[in-house]
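In what follows, chains are A, B, ... by sequence order, proteins preceding strands, each numbered from 1. Atom set for the values below is all heavy atoms of this structure, side chains included, hydrogens, waters and symmetry mates excluded.
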Amino acid sequence: MNNPFFMNFSQLLDLPVIDAEGCRIGVFYDFSMSLNNDIYTRASGIIVRRGFWRRQYALLPISGVVLAGQQFRLTGQSVGPAFSSGRVECEFALRRDVLDQQVVDVENRKVVRVNDVHLLKVDHQFHIAHVDVGARALVRRLGWETAVDALVRFLFPRSDYLTLEELISWKNSQVLTLGSQKNVLKLDVARAKLAKIPPTELAEIMGDLDVFEQASLFRSLAFDVQLKVFADMTADDKVGLIEQLEDVEAVQLVSKIPSDEAADFLISLPKVRMHQLLRLMESQSSRRLRALLGFRKDSAGGLMATEYLSLRSDARVADAMAKVRGNVDYPGNLNTIYIVDQAGKYLGTTTIRRFINEPPERPVRETCHPQKVFVRTDDGMEEVALLLEQYKYYAIPVLDENDMLVGSITVDDVMEELIALAWGKYKDQL
Amino acid sequence: MKWLDRIKQHPAWIKTVLFLSIMGPGIITANVDNDAGGVTTYSLAGAHFGYSLFWSFIPITISLVIVQEMCARMAVATGKGLADLIRENFGVKPTFYLMLALLLVNLGNVMAEFAGIAASMEIFGISKYFSVPLTALFVWILIVRGTYKLVERVFLFACLFYISYLVSGVMARPDWGDVARQTIAPQIDWSLPYVVMLVGIVGTTIAPWMQFYQQSSIVEKGVAREDYRMVRLDVIIGCVIAPVVAFFITMACAATIFQAGIRVETAKDAALALAPFAGEHATWLFAIGLFVASMFAAAILPLSTSYSVCEGMGWDAGVDRRFEEAPQFFGLYTGMIVIGAGTVLIPRFPLLDVMYISQVGNGILLPVILIFMLRLINDRRIMGDFVNSRLFNIIAWLTVGVVILLTLMMVAFMLFYHG
């Protein structure tokens, strides 16, 4: 019996568990799973249930149990296991966290419900090989497999039903457990699995999940992926997610997304939560966001991002190149550099295209656009759009009443608002 | 426009806007509750027993609020539908049989809805071979081709048609003093038909599909936990309006048909019998109400059932998917409408028997679902801080106990009567 073979988890459920003397101590209820970096997660113990009206559970290490035919037998001469009436506390259990729950099918990029789990048994070790999402697994769980198989074979001998196996390799499935527990799988395994899915699609998958599952999935992503996924989520999903995240996680996230998006997002949160997050954020980014939140959403002040590249008026082209190179990771606009004086007063705008072929020693101010094109914080969105279109700029600076540079609006910020507007009108016509 | 901005920033205004955006699921669910089966039961209650059953609407309203509030709370706390929760916490077997029962019972209800459409249109002299297929097609297109927002708006608008029952009730010129007396200090008559009717009212007012539908549609709206109070308001408003409408239906029939001692057996009979007392218009209003209610329910019931079954079985579902993406969902939805509308058109189909069996099924299913619900809602692992308080639990279990007792009585009586 040492050859590896596959079996269905559902067929193990409720098998009798007997001790070394052959006395029945209960029935098999669940596997607790080990949390190491195995790709095919291994069972670390079995959970035994006894009693019917007053159910009790006990956890036994897998090393002390063998599966012999249609029963589990304890090998050691150990004293009887300690039963207790509550559920057994373990980090990850197969029945509780996988069977009948939803998992992300990483290969096909969708959320599916697990009808059964396919186990691989090697030397008394049980590994999760696949999760079964097929109709046949459903029928098997209901106990009608023989009857339904015979019927289908009789009526439609060539039916897909008899041969089609809808198995998803464990390697390609990501568990989403209830939010009260932290993510159950080791992070690097989860990350490797999820790295196959582009962030946009992950954001869509998030839309299919409830808030707890969202938080669980989100936590298992690498931080840079988290930022991208967050940006692509719908406004409602964002709010739901932030509520589930710890303060530290939320603050980290909000302070790393572009400030205009952060402001839009913060304003959609309940007031209390918004102030709470602002308080916790580092003072500088929090101050910027506070300023942004003071502007109307459709004014230049509300549209702008407070991250932009700027240089002093005495900087040279070499400094500008260094600035661009040093900010490759920066999420915002890299094309445009604003020139300001000592006090932060706006002097002009230059772009990579204008200085990239200039000698390094030339003052960068000389490469600026001849006209100063800018908007004020209280200008409307229409004005911003008109100017961007008129001068074919990718970004436009935003000045306050004292001509100080306070932010920058890029075409995509305006596009987003315009699309919403156009879409609204389009929908009204329907 | 300074004053406009002032209004826009006023907390009351913000709250109102928030409520309007959240409003819908509770009110719609409760109103669909006054469907063809409901209207029939209420009008017969009035026609056979006069004002003497009026008192029952007060405890029924309380129970309805309690049951539906629990669903709303589960929706907001877990973000999952009821079928999802049952599957995840009780496994595949209970879910499958529960869903099978729900499907069969609701199929019977859908037949009743199309029968209601046929009856109400016949009052206006429109043949059922014309009205039923046309309504079935309309309902199907509305759901399959429309967006959820559109569908919800159409339904909220349809709720206004229930005012027609209120007008019918007033046009019937009831003796208001007597109405008040009988509601507050009833003279309960514990005869067998009276009890059967009482149980019938409870059974049609608190129907199993309502819990599944309301929970799923709140989940679909994606309401945040902070806004739960708004959801509760929506649910309570709905659960109060529905019995009030039912009350007026009963009153219209009690003030006229019962007083005159006429014997009626269907909602159509009742509508026609109103004419000599309250005028042609009362009949028309009654018929329009019946038509809208039936159509409304004929759209919602198959939708809610397909959603629940697909949720529980783990199949893709949603009106915004393509047929190939969610074949089971569209198959179930279309199948229920086709079968429901089709059977009404078959001559000599034992429709009354089927409707009767489905009502018994409703009665058997309800306590089962309520027990599942109470077990879920008291599980802190699932609900977090949204679990029932002790007082609420006492009231809820009491409600469940009474509902179970009454439905058991109904089933027993119905079998007894029928046999």
Where does A/V133 contact chain B at under 4.5 Å (heavy atoms): side chain, backbone, both or neither?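 When you check distances to chain B, no heavy atom of A/V133 falls under 4.5 Å.
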Would you say CG of A/D14 has more than 12 non-hydrogen atoms from neighbouring residues, nucleotides or ligands within 6.0 angstrom?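 Above 12, so yes.
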Pick one of side chain, backbone, both or neither for B/A75, based on which atoms fall under 4.5 Å of a heavy atom in chain A. neither
Give the intermediate values and the outcome of side chain to side chain contact (heavy atoms under 4.5 Å, CB included) for residues B/R87 and A/Q101. CA-CA 8 Å; B/R87 169 78 189 265; A/Q101 311 295 318; over 6 Å; no
Heavy atoms only: give me the nearest A/R141-B/K93 pair and the separation to one decimal.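 Smallest heavy-atom distance, with atoms named: O-CE, 3.2 Å.
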Any salt bridge linking B/E311 with A/R113? Criterion: basic side-chain nitrogen under 4.0 Å from a carboxylate oxygen. no
Tell me which of these, A/V239, A/N115, A/L99, has more heavy-atom pairs under 4.5 Å with chain B than the rest.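 With the most close heavy-atom pairs to chain B, the winner is A/N115.
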If I take atom CG from residue A/D100 and atom CD1 from residue B/I86, how far apart are they, to the nearest 0.5 angstrom? 12.5 Å
Would you mind reporting whether B/W315 and A/L138 have side-chain heavy atoms less than 4.5 Å apart?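 The answer is yes, as the side chains (C-beta and beyond) meet within the 4.5 Å cut-off.
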